[in-house]
Amino acid sequence: MIAMLIAAGFSLMYSLLLTPLFVRGFNKLRWGQPIRVDGPKEHETKRGTPTMGGLIFLSGSVLAYFVGKLVMGETPTPSALLVILMAVGAGTVGFIDDLMKTRMQNSAGLGGWAKIFGQIVIAVSFALLGLQFANEHGLTPVSTHISIFRDLPFDFMSLGVIAGTILVILWVMVIVTATTNAVNVTDGLDGLAAGASIFAFSAYVLIGFWQSAQNCAATAGEAGCYEVRDPMDLAVIAAAFLGGVAGFLWWNTNPAQIFMGDTGSMGIGGAIAALAILTRTEVLLILIGGLFIIETGSVILQRLYFKVTKGKRIFLMSPIHHHFELKGWAEVTIVVRFWMIAGIFAIVGIGGFYAEWVLNQ
């Protein structure tokens with residue numbers, strides 16, 4: 001509990017106090033944001049704003065986790081280290097994309113399939129490592145089951161070790177690529193993705209904390225207990241990311257003094273995906289990250305409808321936040337209302353999680 005508070009506080013202050021220094025450094029490096037040619041014209045005023053701000057809260061969150069563990073004299077756990085691996089790995093893919101954009105001053109950056117390939121490499125590494133490091137109760141960080149509030153009965157390994165391992169890897173790949181790209185799509189307005197992710201990280205702080213209190217090893221197998229490896233440490237790393245992104249949001253709100261870039265959005269997506277997998281709540285992520293699903297869904301619907309109708313559109317522009325921009329909504333209005341939607345989804349997700357526990361008593 002204390003390590004969680006230390007991690008959250010340290011990462012908050014790190015992002016809050018050091019972001020202006022990073023902004024000056026990024027300006028000297030000329031890491032300015034290029035703007036989509038086909039985007040809303042109002043966004044032209046944002047051209048040249050420093051980007052790659054994800055480096056700030058990613059570094060701060062990772063450092064904060066280790067500070068919290070060091071102060072409390074605790075050893076880092078495999079589960080938290082896997083979250084860090086996923087976040088930093090996905091953030092690295094985004095960093096390469098951002099670097100290409102700033103160097104060429106072109107919004108295209110790394111190709112779509114190249115991004116997917118990078119995400120898959122990280123996901124496969126995460127899955128294979130996550131199936132190792134069993135604790136004294138035989139629990140590995142990554143489960144071989146599909147999970148909603150906890151593991152469902154069907155075990156991939158019932159099909160054999162090779163087939164089961166392949167299916168686990170494929171399942172992790174789907175979650176990771178979907179989540180990282182969903183957060184990336186949402187990052188189109190000042191503070192939108194950062195604010196929405198705060199609700200998701202808050203949800204996983206609560207889930208990890210509750211799973212720790214109701215862990216089967218700690219409660220001697222009481223009804224409704226959770227079989228999760230290192231749940232308290234998952235709450236600590238989630239709190240570290242919560243604090244880091246919250247501090248960054250101070251400088252990222254409209255008018256943003258710095259953008260998180262793909263470095264930040266993919267890093268956040270990787271961290272959220274890892275937390276969902278390791279807390280064994282993968283399907284519940286559809287609710288906890290509901291806004292990200294809506295944003296991605298709007299892009300998919302737009303493209304499918306465009307192809308089927310040979311040129312017609314459902315939205316004025318996708319993702320859906322740009323649709324409301326073109327309808328004349330103020331950027332701040334869109335962001336705040338979308339934050340409210342993200343918060344409602346997260347609350348419903350937590351409510352469902354708790355209700356399932358109550359029903360199992």
Side-chain angles (χ1 to χ4, degrees), residues 76-90 93 113 115-182 204 207-208 211-212 214-218 221 223-234 237-238 266 269-289 293 296 349 352-353 356-357 360:
T77 63
S79 296
L81 294 178
L82 281 168
V83 176
I84 291 172
L85 169 69
M86 180 72 81
V88 172
V93 175
W113 285 112
K115 289 181 186 177
I116 295 293
F117 176 76
Q119 293 161 359
I120 288 174
V121 169
I122 301 302
V124 171
S125 302
F126 174 89
L128 290 174
L129 287 170
L131 290 171
Q132 312 303 316
F133 307 107
N135 64 7
E136 63 273 19
H137 304 287
L139 287 174
T140 56
V142 171
S143 172
T144 56
H145 299 247
I146 292 176
S147 308
I148 303 178
F149 305 104
R150 61 184 77 236
D151 285 346
L152 296 175
F154 176 73
D155 187 348
F156 284 129
M157 291 302 176
S158 64
L159 302 175
V161 175
I162 295 176
T165 301
I166 291 172
L167 288 173
V168 170
I169 291 171
L170 290 174
W171 177 234
V172 170
M173 284 168 49
V174 168
I175 298 168
V176 171
T177 55
T179 308
T180 51
N181 287 302
Y204 283 111
I207 286 173
Q211 287 178 334
S212 177
Q214 304 298 325
N215 195 264
C216 291
C225 67
Y226 298 96
E227 292 188 332
V228 175
R229 199 195 196 293
D230 315 313
M232 191 63 204
D233 228 29
L234 291 173
I237 190 63
M266 290 191 183
I272 292 174
L275 288 166
I277 294 166
L278 299 180
T279 57
R280 306 190 178 191
T281 56
E282 304 106 331
V283 179
L284 186 61
L285 180 57
I286 294 173
L287 274 179
I288 291 174
I293 302 297
T296 307
F353 177 81
E356 189 272 346
W357 179 81
N360 275 283

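Residues: numbered from 1 along the sequence shown. This is a predicted model, so every value here is computed, not measured.
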Phe149 and Ile207, any side-chain heavy atoms less than 4.5 Å apart
no

When every non-hydrogen atom of Gly349 is compared with those of Ile288, the smallest separation belongs to CA-CG1, 4.3 Å

Taken to the nearest 0.5 Å, the spacing of Leu81 CG from Leu129 CG works out to 10.5 Å

Only residue of Val176, Ile169, Ile175, Leu170 satisfying side chain to side chain contact (heavy atoms under 4.5 Å, CB included) with Val172 is Val176

Sequence neighbours excluded, the answer for side-chain hydrogen bond (donor to acceptor under 3.5 Å, both in side chains) partners of Thr179 is none

Interatomic distance, CG@Leu285 vs OG@Ser147, rounded to 0.5 Å, equals 12.0 Å

Looking only at heavy atoms, the pair that brings Ile293 and Ile286 closest together is CG1-O, 3.8 Å

* Would you say Glu227 has more than 12 foreign heavy atoms packed within less than 6.0 Å of its CD? -> no

So side-chain hydrogen bond (donor to acceptor under 3.5 Å, both in side chains) across residues 121-136, not counting sequence neighbours, yields none

**OP:** Please tell me if the side chains of Phe126 and Ile277 come closer than 4.5 Å, counting only heavy atoms from C-beta onward.
**Re:** yes

Taken in chain and number order and not counting sequence neighbours, the residues that satisfy side chain to side chain contact (heavy atoms under 4.5 Å, CB included) with Pro78 are Phe133, Pro141, Arg229, Asp230

Could you list the donor-acceptor pairs under 3.5 angstrom formed by side chains in residues 158-166, with sequence neighbours left out?
residue	atom	partner	partner atom	Å
Ser158	OG	Asp155	O	2.6
Thr165	OG1	Val161	O	2.7

The complete set of salt bridge (Lys or Arg N to Asp or Glu O under 4.0 Å) pairs with one or both residues in residues 141-151, sequence neighbours excluded, reads Arg150-Glu356, Asp151-Arg280

Heavy-atom nearest pair, Tyr226 first then Asn215, reads O-ND2, 3.3 Å

Scanning both residues in full, the closest heavy-atom pair of Asp233 with Ala80 reads OD2-CB, 3.5 Å

Taking every heavy atom of Leu275 against every heavy atom of Ala238, the minimum-distance pair comes out as CD1-CB, 3.9 Å

Residues passing the side chain to side chain contact (heavy atoms under 4.5 Å, CB included) test with Ile120, sequence neighbours excluded, are Ile116, Val124, Met173, Thr177

Do the side chains of Leu234 and Val228 get nearer than 4.5 Å, heavy atoms only?
yes

### Query
If we only count heavy atoms from C-beta on, is the Thr281 to Ile148 side-chain gap below 4.5 Å?
no

Distance col, row Ile237:CD1 vs Ile84:CD1, nearest 0.5 angstrom, shows 4.0 Å

Discussion item. With heavy-atom distances below 4.5 Å as the criterion, would you say the side chains of Val93 and Phe117 are in contact?
Written reply: no

Correct closest heavy-atom pair for Thr180 and Ala90 would be CG2-CB, 4.1 Å

Separation between OH (Tyr204) and CG (Leu284), nearest 0.5 Å, reads 6.0 Å

